[in-house]
Each structure stands twice: as structure tokens, then as C-alpha cells.
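Heads up, the thing below is written out as C-alpha cells.
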Amino acid sequence: MAEKELQRSKSVLPIGTVMRLTDLTARQIRYYEEQKLVIPKRTEGNRRLYSLNDIDKLLEIKDYLSDGINMAGIKTIYAQQEKRAAERKNEPLTDSDVRRILHDEFLNISGFERNSGTSLHSQHPLQ
DNA sequence: ATTCTCACA
DNA sequence: TGTGAGGA
């Protein structure tokens with residue numbers, strides 16, 4: 001059944017379809033790409049092609065945004081997921097992970113900076 | 001008709 | 001983020 005994943009990973013949808021499916025503007029979709037949240041393929045004519053997985057990711061991003069999480073926070077969340085995916089056999093975020101991320105965000109909007117890395121441990125406020 | 005990049009009265 | 005220009 002890995003065939004289904006293959007299909008979901010196939011990039012074939014033009015940005016116009018993605019816009020209708022996600023209710024996001026082209027501007028937003030392209031911006032999230034700049035933020036490396038989604039990386040659509042390109043046609044020979046430089047047109048973006050998205051996969052169903054990209055759609056899901058975009059929809060997920062919408063949820064996080066509506067929950068008050070900003071780009072930095074979302075990046076942190078995916079960085080965490082990749083971190084877990086690399087170590088473990090991958091699993092969704094645990095409750096404590098979410099809390100840690102949210103707390104991390106709280107520090108973010110509070111004017112604290114962190115290293116550009118993905119470490120969620122030993123963060124020292126910047127004076 | 002669609003999408004792309006770039007730039008900001 | 002929106003929006004318009006200028007090109008493909």
C-alpha cells in the first residue's frame with residue numbers, strides 16, 4: 001500500500017487548484033514556499049506543481065496559523081517532527097511536545113531570540 | 001486564461 | 001500580505 005503514498009506525493013496540481021482546495025491566496029502559498037514549508041516541483045515552464053501531501057501540509061499550516069502560531073513556530077514544529085522522524089519510527093507530536101513548542105513560541109513573541117538551529121533545549125534568553 | 005517574479009503610491 | 005506591472 002505504499003503505492004498510495006506515491007500517488008499522494010505526485011506533484012501535479014497547479015497553484016490555482018491549490019488555492020481553491022486550501023482557500024489560501026497565491027501570495028500566501030508562495031510565501032510558505034519561501035519559508036520552506038512546502039517545496040512544489042516545477043514544470044519546464046517554471047509553473048509550480050503541488051502534490052496531495054502539499055495540500056495537507058498547507059491545510060495544516062492554516063490550522064496552526066489560526067491557532068495563533070507564527071511562521072517561526074510552525075518551522076519549529078516541523079523541525080521537531082523531522083527530528084523525531086529521524087530518530088524514532090516517527091510519530092505525531094506528543095502533548096508535551098506541543099506544550100514545549102507553544103512555550104517556545106511564547107518566548108518568541110516576548111522578544112527573545114534563539115539560535116537559528118532547531119534545538120528546543122537549553123535556550124538562554126538574550127540578555 | 002494562468003502563473004511567474006519583483007517591488008511598493 | 002495585498003496588489004499591480006510586465007513577461008511567458
Item to check | Counterpart base for B:dT2, defined by Watson-Crick or G-U wobble contacts under 3.5 Å | outcome: C:dA8
Checklist entry - In whole Å, what is the span from the CD atom of A:E44 to the C1' atom of B:dC4? => result 16 Å
Next on the checklist: Taking only the P atom of each, what is the distance from C:dG6 to B:dT2 in whole angstrom?
Outcome noted: 22 Å
Next on the checklist: If I take atom CG in residue A:L65 and atom C1' in nucleotide C:dT1, what distance separates them, rounded to the nearest angstrom?
Outcome noted: 12 Å
Item to check | Spacing between A:Q28 atom CD and B:dT3 atom P, to the nearest angstrom | outcome: 16 Å
Checklist entry - Once you round it to whole Å, what is the distance between P of B:dT3 and NZ of A:K41? => result 18 Å
Checklist entry - Does A:L65 reach the side chain of A:M71, with side-chain heavy atoms less than 4.5 Å apart? => result yes
Next on the checklist: Please tell me if A:R30 has a side-chain N or O lying less than 4.0 Å from either OP1 or OP2 of B:dC4.
Outcome noted: yes
Item to check | Interatomic distance, A:Y32 OH vs C:dG2 C1' [rounded to whole Å] | outcome: 13 Å
Next on the checklist: Looking at A:R27, I'd like to know whether one of its side-chain N or O atoms comes within less than 4.0 Å of OP1 or OP2 on B:dC6.
Outcome noted: no
Checklist entry - Roughly how many Å is it from CE in A:M19 to C1' in B:dT3, rounded to a whole number? => result 10 Å
Item to check | A:Q28 (side chain) donor-acceptor with A:T25 (main chain) under 3.5 angstrom | outcome: yes
Item to check | Nucleotide forming a Watson-Crick or wobble pair with C:dT1, both distances under 3.5 Å | outcome: none
Checklist entry - Salt bridge or not for A:K75 and A:E82, using N-O below 4.0 Å? => result no
Checklist entry - Could you state the CG-P distance from A:N46 to B:dC4, rounded to the nearest angstrom? => result 7 Å
Checklist outcome for this item: Closest heavy-atom pair, A:V38 versus A:I29, reported as atoms and distance to 0.1 Å, is CG2-O, 4.4 Å
Next on the checklist: Quick check: on DNA chain C, is the nucleotide nearest A:R47 upstream (toward 5') of the one nearest A:L24, or the reverse? Name the residue that is more 5'.
Outcome noted: A:L24
Item to check | Separation of atom CD1 in A:I29 from atom P in C:dT1, rounded to whole Å | outcome: 11 Å
Next on the checklist: Run A:D54 and A:S51 through side chain to side chain donor-acceptor pair (under 3.5 Å) and show every step you take.
Outcome noted: CA-CA 5 Å; A:D54 290 331; A:S51 69; 3.2 Å; yes
Checklist entry - B:dT3 base to A:R48 side chain: any donor-acceptor pair below 3.5 Å? => result no
Checklist entry - Is A:Y31 near enough to B:dC6 that one of its side-chain N or O atoms lies under 4.0 angstrom from OP1 or OP2? => result no
Next on the checklist: Any side-chain N or O of A:T25 below 4.0 angstrom from OP1/OP2 of C:dG2?
Outcome noted: yes
